[in-house]
Amino acid sequence: MASHSATDLALVHLGEDTLSFPHLVEPELLVPLHYVRDAPVGSTLTWQVLCVAAWEAVDPVGRYGTGPAFGAQVLAALGGNPHRAEADPRRHLRLALSALESFRGKDLPRHSGRAYLQLGNALRSYGRPSDALEAYERGRALLERAGDDHGLHSAHARLSVALAGAGLIEQSLLHAEWGQQVGLRVASGTSSPGRNHTANLLHHRKVRALTLLGFCTDADQALDTWRRTATGGYVFDLLETTAQLRLRQGQQEEALEAFVSAIDHRFTMLEPPSWAGRNHYLTYSTQMLGEALGLAWHTGRLDLVVGILAALATHRPPPAGAPLPANEALRALDAQVAELARKATGATVAGDLDALTAHDDRARILLENRDEVMHGLAGASGPRHRTTVEELSLSVPAAVRPGELLLIYTLSSTDQVGVISVADGAIEYRTVGLGAAEAEELAAAAHEECVRRTEPHHLHRLGEALLAPVHDLLSGAGRILIMAQGALADFPFHAAPFRGRPLVASAEVRALPSLAPLRAPGAAAPDPGSGEPSYRAVVAAVGQPRYELVPALPALRSEVEAVSEAFPPARELYEDEATAGALSAALSTCDVLHVAGHATFDAARPNLAHILLADRPLFAFEVACAARVPRLVNLSGCRAGAERRGVGGEGEGLASAFLAAGAEMVVAPLWPVRDDAALAFNSALYAALARPNAQWGAAVHSARLAVLARPEFAHPGLWGAFTVSGRL
């Protein structure tokens, strides 16, 4: 690898064989100079890091002009970072069009043809499949004219995928076979990563098309050919396609075994370690995962259903238990986080939604980069253990302790809501009697009732329907753990009626975004006691920030006093003292953190969810990048517990940011809460935590009951907003 300085950019030579990747039109790309300057002597930049660097260099390259060099940079960035590109379909489309425009009129058919392939990808992510087909076809024609067999190889693969998505299976099969014929020309006795990727994709599409058309004998032969030539990076696709074929052949046990092996290969140790990367793979595997779950249900393997759901419970690399060693990459990222916080503050105060969307995208990139660095540091200590679906199917039920009941609400293959129960090692499945659409409507209406504090008719109706099938199991449970999918994920199960009272009156209720807490080592350990005198507490409270007009919070001072009385001598950061710098510094010094005041959440920009501090907001992405956060966190601000969840259950938002950075438990409200209700809840919570050997989850439970018992707070919208999440 060679590099040459060009102001703030470095030119990295990749080698001619990298042109087998269709998103590369030149054998070099530009990266921010610090990627080369800060690299340790003798090290090499990995392909993954180069892709990230290419993405970050797009805007700087654009400042020098939008000619062919800019177009080449854009294609390298988009193709090397598909999950980043698809996270913002509008920007993906805009960049692909700009790359195509940069080649127009320059007599560069190879460049233009490959740009059309990326434009097709962008149109598909933008929800324009017919336009994507046209873009792919234009790209194919240009690449054929240019004699670019590597590009043509990929064009046929993309056309095969797009045609299959449109239900045109015969045409998909033809392009898979034509692509394989082109592949024979580009093989030439050597192997390249780009050619291998396309060759495996064409094998996948051919076997899948033959399977769908019912030509199972031909599909078996094509599968054998693929198996002989497949490389390690494509084992998941091979196993998933094998499962589909065996399912079509009526070999259910073999199909289930292949599905489980595929999930083991990819999802039990999913790479890359970033949220966006994991969610990308999970989203594109939704249909396969649904078929695997349906087949496990159909064959009576409820243990495997639990194991598969646990395998999909995405998780970030564990935070370091000790201070990280000096690391140039981390220092550079910290500087970028600080700069982004400055820009996001300006856009927040100005209400510039376009800028905020761009900053949220940038925040996600920074989090991905940090996850990559942290993953590399963790990996240096040795290989990670790969936990299989079979192992999880045993370990998750074992993590449900005596007296606990785990309920998993999910959708069956017929879109009916069902519930899996796990208690005392036994696993059962029962139907709820609600369709997915009806449950979604009721859940939305129940949420609105809680926000507006209207009569909770829909909450009671949905709650009764969801709990009715498991009434007998609820009676003997002291703690109920509930994981729910889709629209039910934020339903307040603890407020659902059971025997004429809210469920929380009968047992402690905890909502789980995923089964990750039950698959982690030490999942069966009790939650930490929080009343020990050695606990250091910090309470930050801001009722009137300097930069935004917000409603007054008359109970704020009393809330601060409740924390201080429970954890003397707590450090108080009140009003003007509660700056972003002071709170950030406190994150690394305390065990318990209570933040009272105003908070905001926007599902379109979850990484910019923030707490309104005295001088500026503190954003979720800043928290997620913190080197250390307190063990126990209470975010007493409106919607501080709201999050945007990925397929695996992991979220983006304030509460999830604290958990990602290493917090063991976070208490936060799901919807806006009244000032006096927040005071009542927190006063009861900290009174319980002040007792010797108090446990965090039990204290939240008693606080809910204390507020519920007061007539003025009896509506679930007032006492039911507060959720607890984190390690059990």
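- When all heavy atoms of Leu553 and Val542 are compared, the closest pair comes out as CD1-O, 4.3 Å.
- Both tests do not hold together for Arg536 against Phe567: distance to the six-membered ring centre under 6.0 Å, angle to the ring axis within 45°.
- Side chain to side chain, Glu86 and Tyr126 fail the donor-acceptor criterion of an N or O pair below 3.5 Å.
- Ring planes of Phe619 and Phe621: parallel class, angle under 30° (limits at 30 and 60°).
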| message | Run the ring-ring contact (aromatic ring centres under 6.0 Å, His included) test on Trp696 and His701 for me, step by step, so that the C-alpha distance in whole Å, both residues' side-chain angles and the decisive distance to 0.1 Å come before the verdict. | response | CA-CA 9 Å; Trp696 193 255; His701 175 62; over 10 Å; no

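- Checked for salt-bridge contact, Arg674 and Glu712 miss the test: no charged N lies under 4.0 Å from a carboxylate O.
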| said: Checking Tyr686 against His594 for the ring-ring contact (aromatic ring centres under 6.0 Å, His included) test, could you report, in this order, the C-alpha distance in whole Å, the side-chain angles of both residues, the deciding distance, and whether it holds? | reply: CA-CA 10 Å; Tyr686 288 105; His594 180 96; 5.3 Å; yes

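- Phe681 and Phe722 have parallel rings, their planes meeting at less than 30° on a 0 to 90° scale where 60° marks the start of perpendicular.
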| message | Is there a salt bridge (Lys or Arg N to Asp or Glu O under 4.0 Å) between Glu508 and Arg704? Walk through the geometry before answering. | response | CA-CA 10 Å; Glu508 181 186 339; Arg704 284 172 171 168; over 6 Å; no

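- A donor-acceptor pair shorter than 3.5 Å can be found between the side chains of Ser636 and Glu559.
- Residues Leu654 and Glu643 form no side-chain contact, since every pair of their non-hydrogen atoms from C-beta on lies 4.5 Å or further apart.
- Checked by atom type and distance alone, the side chain of His610 pairs as donor or acceptor with a backbone atom of Leu608 at under 3.5 Å.
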